[in-house]
Student: 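Provided herewith is a single structure, encoded as structure tokens, for subsequent inquiry.
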Amino acid sequence: MSEEKHHISSYKSHLFVLLALFVLTGASVAVTSLEMGPFNTLVAMLIAGGKAAIVLIWFMHLKFDNKLYAIFTTFVLVIFLLVLYVTFFDYSYR
Amino acid sequence: MSETTTAKHVSFLEYKGKYKGILGWIFSTDHKRVGLLYLYTMLVFFSIAAILGLLMKIQLIAPGYTIMGPQTYNSMFTVHGIIMIFIIVVPGLPAVFGNFFLPLMIGAKDVAFPRLNLASWWIYIIGILVVLSSQFLGGWPDTGWTFYAPYSFRTPANVLPALFGAFILGFSSILTGINFVVTIHRMRAPGMTWLKMPLFPWTLYATAWIQVLATPVIGITLLLTVMERVLGVGVFDPALGGDPILYQHLFWIYSHPAVYIMILPGMGAISEILPVFSRKSIYGYKAIVLSSLAIAFVGYFVWGHHMFTSGMSGRALYAFSFLTFLVAIPSAIKVFNWVATIHKGSLNLQTPFYWATSFIFVFMIGGLTGLVLGSLATNVHVHDTHFVVAHFHFIVFGGTGYAFMAALHYWFPKMFGRMYDASWANIGWATFFGGFLTLYLPMFALGLQGMPRRYYDYLPEFHTGNIISSLGAILMIAGALIVITNLVRSSRHGEKVTGKNPWGGRTLEWESDTPPTLENWDEIPKVTEGPYDYK
Ligand SMILES: [Cu+2]
């Protein structure tokens, strides 16, 4: 484990993450007032996905870590997205 | 680890750590002791759940009230299911043989996080206690182990402890999964490349990923059901605008992959045993590795086959049926590989081999009847009948259970340093196998005749099949008693095994002492050959 360097994030980048999360939370509340039918769910999911990505990449250091972690995380997210897709596939044809 | 300083060449069963007696076990971070803790816990709860199963079968030996009424019967199949699924087969082989043998097979001293490993067992025990607290907190649930909405939040029966207990048991499973992924990535002995790793660790690896990724889904689903019941949040309740089919989606998004959590390590154990008793290297090592990973991956997307009659959209039905047929392919690949491994081997007919080959037999019956359930037209007819019950007992009990017994008889001398009585083991196996087939085969016929599952009573025309099935249950329990008595007795009084390698296996665990020492190796072994080089 000694071969891994530790990246120290600045307060600035943490602040950026915090602000981005606030803004996106506001956005997901705001979009509920728009009437977009089934796309309301899609937009809410996309915003939530964006928030998760910000947390993973900067706050949880995926960007600075061994590439292997990024590959695994992406793979896991692909499975997760497919599971969501298959579930909504049922709902969209009901 | 604090226990490391004690003398070398004292077996893990005998060393003295910081604590004495039973405390030296329940606070031990040694992967081998943790594995045995799981084994003993499972033995206790398997016995309880098996007795519940036997009582249900006695109830069904004649129509009408035999020994219990409907409410008792409903609670019995629920508790039987919860114990068997969440406490026995889901932790199953990974918790017992994964813990015990993963480090030995990859040449490590322990798992990556020994304390977390012990914590997993404690969380498991806490989960069990929470489930059992039902007895004192208002009685047992009657929902079936699936807790289907909306019944699970409308029933007057007490479901909260069972829901919450299953939720806690999930954490144990996740932590074991994380531990194994890290162990396999970081702690393989020098020279053990990915493709020199034995197949049992490979299946543990595939399983661990499912444990980590799928289990949180059941966790949140069970919590939502708790919230639905206590607070009436209305996610699943149609009266509040919720969708009960969403419950089924979420439940099976976990619970189908969970079937692979149960069966994949079993397949791995079978892949270890067959080459050893055929004196031949495994046929198609890479095909087995790839099919394990393929099963783990495709297995995420087939859950809808549990919901063909629930009211999903037509297109979703086709998609799930197609994907279900797809996932049958990698399972069939494994069966071909196993049969080809035995083919022209010089067979050593010992108890593990009997369990392993009968595994293939019952697994094939379970798999092929699974296709009847996976195709839409036939599914509608046999859905929720005894056919389904027979099918999944062939897979979960016939598959995982037989693999577990095969693994136990295979690794027993390494684990306890003693050998069981071979003739009693064989008699037990034969009795069990005969009883198993007599118990479950008639249930296929009963299902096709239209006998629904989960009823304490039935129409007179189902009587014959039920009598045969119930007698089979008694025979099977007798077989299980012989097997378990033989193993428990032999673990204390069996003939001592001093050689490292009683079966002539080629994987690393047979190079450790019998039974292994605290840290398994004086020196970490170097790996130069593949795991199954017989010829
Ligand atoms: Cu399934």
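Since this is a predicted model, take the numbers as computed values, not measurements. Letters go in sequence order (proteins before strands), and every chain restarts at 1.
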Student: I'd like to know which of B:F301, B:F297, B:W209, B:Y300 tops the heavy-atom pair count under 4.5 Å against chain A.
Tutor: B:F301
Student: Sort A:Y85 into side chain, backbone, both or neither according to what part of it lies under 4.5 angstrom from a heavy atom of chain B.
Tutor: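 No part of it gets close to chain B.
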Student: Examine whether an atom of B:I245 lies under 4.5 Å from a heavy atom of chain A, and if so say whether it belongs to the side chain, the backbone or both; otherwise answer neither.
Tutor: both
Student: Please flag which part of A:F72 lies under 4.5 Å from any non-hydrogen atom of chain B: side chain, backbone, both or neither.
Tutor: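 A:F72 touches chain B through side-chain heavy atoms alone.
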Student: Do side-chain atoms of A:D90 reach the backbone of B:S313 as a donor and acceptor pair under 3.5 angstrom?
Tutor: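 Checking the backbone N and O of B:S313 against the side chain of A:D90, a donor-acceptor pair under 3.5 Å is found.
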Student: With a sphere of 6.0 Å drawn around CE of A:M60, does it hold more than 12 non-hydrogen atoms of other residues, nucleotides or ligands?
Tutor: no
Student: With rounding to the nearest 0.5 angstrom, report the CZ to CD1 distance, A:F80 to B:I253.
Tutor: 9.0 Å
Student: Pick one of side chain, backbone, both or neither for B:L323, based on which atoms fall under 4.5 Å of a heavy atom in chain A.
Tutor: neither
Student: Can you tell me if B:R315 has over 12 outside heavy atoms packed within less than 6.0 Å of its CZ?
Tutor: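 For B:R315, atom CZ is not crowded (no more than 12 foreign heavy atoms under 6.0 Å).
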Student: To the nearest 0.5 Å, how far apart are CZ in A:F88 and NE2 in B:H249?
Tutor: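 Result: 9.5 Å between the selected atoms.
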Student: Taking everything shown except A:F89 itself, do over 12 heavy atoms lie less than 6.0 Å from its CZ?
Tutor: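 For A:F89, atom CZ is crowded (more than 12 foreign heavy atoms under 6.0 Å).
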Student: For atom CZ of A:F59, decide whether the heavy atoms of other residues, nucleotides or ligands shown that lie under 6.0 angstrom number more than 12.
Tutor: no
